[in-house]
Structures are given as structure tokens and as C-alpha cells.
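As C-alpha cells, the structure follows; a few thoughts come after it.
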Amino acid sequence: MAKKIKEMIVVEGKNDTNTLKNWFDCDTIETNGSAISLETIEKIRLALQKRGVIIMTDPDYPGEKIRKTIDQQVPGCKHAFLAKEVARDLRRQKIGIEHASKENLWSALEASKPSFSEEHDEAQTNDVTQASLQRAGLIAGGSAKRRRELLGKELGIGYTNGKQLYKRLKQFRVTQEDFERALANVEKELYRHG
């Protein structure tokens with residue numbers, strides 16, 4: 001029996017919907033590209049009020065653009081992130097959630113978490129600082145990109161560039177304690193693989 005997902009899942013297209021419906025008992029809203037119509041935004045807004053929403057877009061630039069647009073216009077949605085390496089079709093050199101395994105999709109959906117913005121939530125409690133990111137080698141340096149990839153995976157917040165990392169940590173209310181725990185795991189992973 002397929003696992004039931006209560007929330008509506010926002011995806012980019014038909015292939016994503018077909019893949020998710022193949023593995024799970026779920027409903028989707030398709031954006032059909034990065035130019036999201038007002039009608040689609042309204043569907044997402046209604047879905048958020050009635051059942052909740054999980055945004056699950058491809059781990060690439062257009063997918064991030066869609067995610068940001070929805071997050072700005074419909075705050076309070078949950079976000080599910082897949083790493084590029086688990087969403088890649090090696091034969092055709094394409095990236096998309098339709099290429100991910102059932103296990104990876106389920107892990108991402110299960111780990112989904114809401115995003116918060118300062119405008120919509122005054123009780124911001126993030127205590128990770130820009131200086132902490134600098135000290136951890138996440139902003140600059142030869143291994144900064146790899147460190148951010150591993151940290152995003154560890155925290156379930158997806159990959160970001162150096163400029164976006166601080167904002168993403170605030171959005172998902174990552175505490176200093178959670179940050180340090182994830183960073184310790186990143187260090188172990190880097191040490192293991194030299």
C-alpha cells in the first residue's frame with residue numbers, strides 16, 4: 001500500500017507528478033515552468049489553508065527560482081529538498097525529481113520543514129552568525145562549496161551558494177546547536193573521504 005501524503009506537493013511538471021503518484025498516495029500542483037501564473041499561486045494559497053503544501057522542485061536554478069517565488073507569495077509552505085546526485089539521470093545528463101528513487105523522495109518529503117520570514121514571524125530565534133559561517137569555511141576557500149553541499153544535505157535545507165546560506169539558515173530557523181551538530185558530521189564526512 002502506497003504511503004499517504006496529506007499535504008499537496010508543488011512540482012514543476014507532469015513527469016514529477018507521475019513519479020510521485022507511482023510511489024505515493026498524493027496530490028500535486030504543477031507549476032509548468034518558472035513563470036508561475038497567478039492562478040497557480042492562488043491554488044497553492046488555497047491548498048496551504050486546506051491541507052498544507054510541500055514545495056518539491058528540481059535541485060537546479062529554475063527549481064530554486066520557482067521555490068523562491070512561491071515562498072515570497074505564499075509564506076508558510078514546507079520545503080522538501082533533493083540533492084543533485086540523487087536526482088540525476090546519468091544517461092541523458094538531466095536533473096529532476098522524476099529521476100530520484102522512491103527512498104530518496106520519501107526521505108526528502110519526510111524531512112520537509114516550513115520556511116519562515118522575518119516579515120511574517122517576529123519570533124526569530126536564529127543565533128547562527130555570518131562570522132560562524134566564515135569560521136566554518138562555508139563562505140570562502142577551496143572546500144567551501146563542498147562543505148555547503150554537505151551541510152545543506154545534513155540539515156535538510158538543500159544546497160545554497162555562500163550568499164544564500166545565511167538567509168536559508170534563518171528561513172528554516174537552524175539554531176547554533178543544530179548548526180554545530182551538522183557541521184561536526186560534515187567534518188567527519190570530509191575527513192573520511194580525505
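Cluster membership for Tyr159 and Leu150, using ILVMFWY side-chain heavy atoms within less than 4.5 angstrom, is not shared. In the hydrophobic clustering of ILVMFWY residues, with side-chain heavy atoms under 4.5 Å counting as a link, Phe179 and Val186 come out together.
Rounding to the nearest 0.5 angstrom, the gap separating the CD atom in Glu189 from the CZ atom in Arg146 is 6.5 Å. Distance check: Leu155 CG to Phe172 CZ gives 10.5 Å after rounding to the nearest 0.5 Å. Of the inter-residue distances, the one linking Thr160 atom OG1 with Gln171 atom CD reads 10.0 Å to the nearest 0.5 angstrom. Rounded to the nearest 0.5 angstrom, Ile9 CD1 and Ile97 CD1 are separated by 8.0 Å. Atoms NZ and CG, on Lys43 and Leu38 in that order, are 12.0 Å from each other to the nearest 0.5 Å. Gln164 CD to Leu169 CG: the interatomic distance, rounded to the nearest 0.5 Å, is 11.5 Å.
Here ring-ring contact (aromatic ring centres under 6.0 Å, His included) pairs that include residues 35-77, with residues two or more places apart or in two chains, number zero. Residue pairs that meet the salt bridge (charged side-chain N to carboxylate O under 4.0 Å, His left out) test with at least one member in residues 98-110, sequence neighbours left out, do not exist here. The list of salt bridge (charged side-chain N to carboxylate O under 4.0 Å, His left out) pairs with a residue in residues 160-169, not counting sequence neighbours, reads Glu64-Arg168. Screening residues 14-46 for ring-ring contact (aromatic ring centres under 6.0 Å, His included) gives Phe24-Trp106 as the qualifying pairs, with residues at least two apart or on separate chains. For residues 6-16, the side chain to side chain donor-acceptor pair (under 3.5 Å) pairs, not counting sequence neighbours, are Glu7-Lys78. Evaluation of the salt bridge (charged side-chain N to carboxylate O under 4.0 Å, His left out) test over residues 48-60, restricted to residues two or more places apart or in two chains, returns Asp27-Arg51. Applying the salt bridge (charged side-chain N to carboxylate O under 4.0 Å, His left out) test to pairs two or more places apart or on separate chains, those with a residue in residues 30-42 are Glu42-Arg45.
Listed by chain and number, the residues in a side chain to side chain contact (heavy atoms under 4.5 Å, CB included) with Ala144 are Arg148 (sequence neighbours excluded). Evaluation of the side chain to side chain donor-acceptor pair (under 3.5 Å) rule for Glu177 yields Arg181 as partners, not counting sequence neighbours. Taking Glu85 as the reference, Lys153 meet the side chain to side chain donor-acceptor pair (under 3.5 Å) condition, with sequence neighbours excluded. The side chain to side chain contact (heavy atoms under 4.5 Å, CB included) test applied to Ala80 returns Ile54, Met56, Ala108, Leu109, Ser112, not counting sequence neighbours.
The neighbour count for Lys65 NZ, taken as heavy atoms of other residues, nucleotides or ligands under 6.0 Å away, does not exceed 12.
Within the 3.5 Å criterion, the main-chain N or O of Ser34 finds no donor-acceptor partner in the side chain of Thr31. Under a 3.5 Å cut-off, the side chain of Gln49 and the backbone N or O of Leu46 do not form any donor-acceptor pair.
Across every non-hydrogen atom of Gly76 and Pro114, the tightest pair is O-CB, 4.3 Å. Annotation for Ser132 and Gln176: closest pair OG-OE1, 3.8 Å, computed over non-hydrogen atoms. Here the closest non-hydrogen pair linking Gln134 and Ala140 is NE2-CB, 4.3 Å. Nearest approach of Val128 to Tyr166, heavy atoms of both residues: O-CE1, 3.1 Å.
As a member of the Ile/Leu/Val/Met/Phe/Trp/Tyr network built from side-chain separations under 4.5 Å, Ile29 groups with Met8, Val10, Ile36, Ile41, Ile44, Leu48, Val53, Ile55, Ile66, Ile70, Val74.
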Derivation and outcome, side chain to side chain donor-acceptor pair (under 3.5 Å), residues Asn22 and Thr19: CA-CA 5 Å; Asn22 189 40; Thr19 297; over 6 Å; no
Where do Thr57 and Val11 land on the side-chain contact (heavy atoms from CB on, under 4.5 Å) test, with the steps shown first? CA-CA 5 Å; Thr57 55; Val11 295; over 6 Å; no
After noting the C-alpha distance and the side-chain angles of Lys113 and Phe81, does the key distance pass the side-chain contact (heavy atoms from CB on, under 4.5 Å) rule? CA-CA 10 Å; Lys113 53 184 69 131; Phe81 294 95; 5.9 Å; no
Can you check side-chain contact (heavy atoms from CB on, under 4.5 Å) on Leu165 and Leu151, steps first, answer last? CA-CA 10 Å; Leu165 180 59; Leu151 184 72; 4.2 Å; yes
Under the criterion side-chain contact (heavy atoms from CB on, under 4.5 Å), I'd like the reasoning laid out for Lys94 against His99: C-alpha separation, chi angles, the key distance, then a yes or no. CA-CA 8 Å; Lys94 292 196 175 232; His99 307 301; 4.0 Å; yes
Can Glu149 and Lys84 be said to form a salt bridge (Lys or Arg N to Asp or Glu O under 4.0 Å), step by step? CA-CA 10 Å; Glu149 285 173 354; Lys84 280 186 179 180; over 6 Å; no
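No side-chain donor-acceptor contact under 3.5 Å links Ser107 and Asn104.
At least one side-chain heavy atom of Asp71 sits under 4.5 Å from a side-chain heavy atom of His79.
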